[in-house]
Amino acid sequence: MRGLSTISEIIKTTTEGIWEALQPKFLPTPSEEKWTNIANRYYELWNMPNCVGDIDCKHFRIKCPPKSGSTFFNYKCFFSIVLMASVDADGLFTTVDVGEVGRNSDGAVFRTSGLGRCLESRTLNLPSPKPLPLTDNNENFPFYFVADEAFPLKNNIMRPYPKRILDMKKRIFNFRLSRARKSVECAFGMLVSKFRLFEGPICCKEETINSVIRSACVLHNFIRVHQGIYSRPQMFLNESSANNRELQVQPQQTRATSQAQQLREKLCDYFMTPAGAISYQWNI
């Protein structure tokens with residue numbers, strides 16, 4: 001038998017050790033080459049040109065910390081800590097940011113996350129814009145993440161059109177984005193199914209919970225690469241180990257710029273052309 005404090009320290013030390021050992025190889029800071037490989041894979045699997053990943057937030061249920069009031073109480077009516085993550089086309093985590101309180105919205109979590117700050121400061125090593133595939137003109141289009149309605153529309157973030165203004169063209173755009181977002185939903189689902197701890201409230205100190213979630217993410221990548229259905233494990237195994245940890249820089253604005261709206265319109269128009277359309281999109 002071990003005391004609760006001993007078990008708590010074992011869990012904290014073990015999960016920190018897992019992160020320290022596996023993060024440099026299985027969750028390194030993505031390089032420009034890696035973003036390019038992810039974009040190629042997205043186009044191959046999901047017909048999304050210039051897409052470098054899905055972004056979303058996952059609320060992990062926790063037992064309410066002492067004297068925290070409603071700080072961790074979220075819109076789903078339970079106490080939680082938030083994982084903000086980006087995922088590649090094969091359901092592997094590319095960046096993770098853990099520790100925001102449950103009451104914050106997904107958009108607010110993104111703004112304060114390392115990913116959001118690096119996008120705003122343009123320090124994420126994204127490739128230079130390039131033309132959309134199979135188009136005749138040489139007009140460049142930036143590389144971008146796909147996200148749901150909770151996230152801001154940015155030059156490097158494509159979100160759906162509001163449901164109240166949908167015509168056929170915009171419905172097809174929303175369908176294509178929703179199809180591309182399957183990766184992040186599957187990654188979160190696999191994470192919970194692998195680590196059943198996440199099916200109920202986690203009863204630990206806040207810093208231990210953060211360590212547990214981070215270690216689970218890097219273990220998810222480790223398992224996917226070595227045992228999962230993953231066609232190109234060398235993308236992960238050959239990456240140079242930069243300092244992933246948590247990316248840090250300054251905050252961003254949330255309002256969609258006219259340039260971001262124009263880029264979304266351009267991508268929407270592209271999906272209606274023979275070069276960008278897929279046959280079954282018209283069935284929606």
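Heavy-atom basis, side chains included; hydrogens, waters and symmetry copies ignored. Bear in mind that the values here come from a model prediction, so they are computed numbers and not experimental data.
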Flag the pair [X] / [Y] as yes when at least one side-chain heavy-atom distance between them is below 4.5 Å, and no otherwise.
X: K130; Y: F143; result: yes
X: T95; Y: M84; result: no
X: V87; Y: T94; result: no
X: D56; Y: E185; result: yes
X: I11; Y: I7; result: yes
X: I172; Y: M272; result: yes
X: F222; Y: I18; result: no
X: K63; Y: I202; result: no

- request: Fit a plane to each ring of F110 and F151, take the angle between them on a 0 to 90° scale, and name the class: parallel (under 30°), tilted (30 to 60°) or perpendicular (over 60°).
  value: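 F110 and F151: perpendicular rings.
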query: Is it true that Y75 and V82 fall in one hydrophobic cluster, defined by side-chain heavy atoms closer than 4.5 Å?
result: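 The answer is no; the residues belong to distinct hydrophobic clusters.
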- request: Verify ring-ring contact (aromatic ring centres under 6.0 Å, His included) between H226 and F26, making sure each step is shown before the conclusion.
  value: CA-CA 11 Å; H226 287 288; F26 295 96; 5.6 Å; yes
Using a strict cut-off of less than 4.0 Å between a Lys/Arg side-chain nitrogen and an Asp/Glu carboxylate oxygen, indicate whether [X] and [Y] qualify as a salt bridge.
X: R159; Y: D148; result: no
X: K12; Y: E9; result: no
X: E199; Y: R196; result: yes
X: E139; Y: K266; result: yes
X: D88; Y: R41; result: no

Identify the heavy atoms of [X] and [Y] that sit nearest to each other, and give their distance.
X: P131; Y: T135; result: CB-OG1, 4.2 Å
X: I209; Y: I62; result: CD1-CG2, 3.6 Å
X: F79; Y: G69; result: CE2-O, 3.7 Å
X: A89; Y: L45; result: O-CD1, 3.7 Å
X: P142; Y: N156; result: CB-ND2, 4.0 Å

field: Stepwise side-chain contact (heavy atoms from CB on, under 4.5 Å) test for W46 and K182
entry: CA-CA 9 Å; W46 305 114; K182 288 181 180 178; 4.1 Å; yes
- request: With side-chain contact (heavy atoms from CB on, under 4.5 Å) as the test, would you mind laying out the steps for L27 and L22 before giving the verdict?
  value: CA-CA 7 Å; L27 229 167; L22 297 183; over 6 Å; no
Please answer whether the main-chain N or O of [Y] pairs with a side-chain N or O of [X] as donor and acceptor at a distance below 3.5 Å.
X: W35; Y: L124; value: yes
X: N50; Y: F141; value: yes
X: S80; Y: H59; value: no
X: E100; Y: S113; value: no

- request: Would you mind telling me which of N47, D54, D90 makes a side chain to side chain donor-acceptor pair (under 3.5 Å) with Y42?
  value: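 When side chain to side chain donor-acceptor pair (under 3.5 Å) is applied between Y42 and each of N47, D54, D90, only D54 qualifies.
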message: Among K170, R171, E265, K169, which residue satisfies the side chain to side chain donor-acceptor pair (under 3.5 Å) criterion with Y161?
response: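 It is E265, the one option of K170, R171, E265, K169 that forms the side chain to side chain donor-acceptor pair (under 3.5 Å) with Y161.
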message: If the condition is side-chain contact (heavy atoms from CB on, under 4.5 Å), which residues does K194 pass it with, not counting sequence neighbours?
response: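 Only M190, H220, I223, R224 meet the side-chain contact (heavy atoms from CB on, under 4.5 Å) criterion with K194.
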For [X] and [Y], does a side-chain donor sit closer than 3.5 Å to a side-chain acceptor?
X: N125; Y: S31; value: no
X: T15; Y: S211; value: yes
X: R179; Y: Y280; value: yes

- prompt: Hey, do the aromatic rings of F175 and W282 have their centres closer than 6.0 Å?
  reply: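 No, they do not, as the ring centres are separated by 6.0 Å or more.
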field: Close aromatic pair by centroid cut-off 6.0 Å: F73 and F78
entry: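 They do not qualify: ring centres at least 6.0 Å apart.
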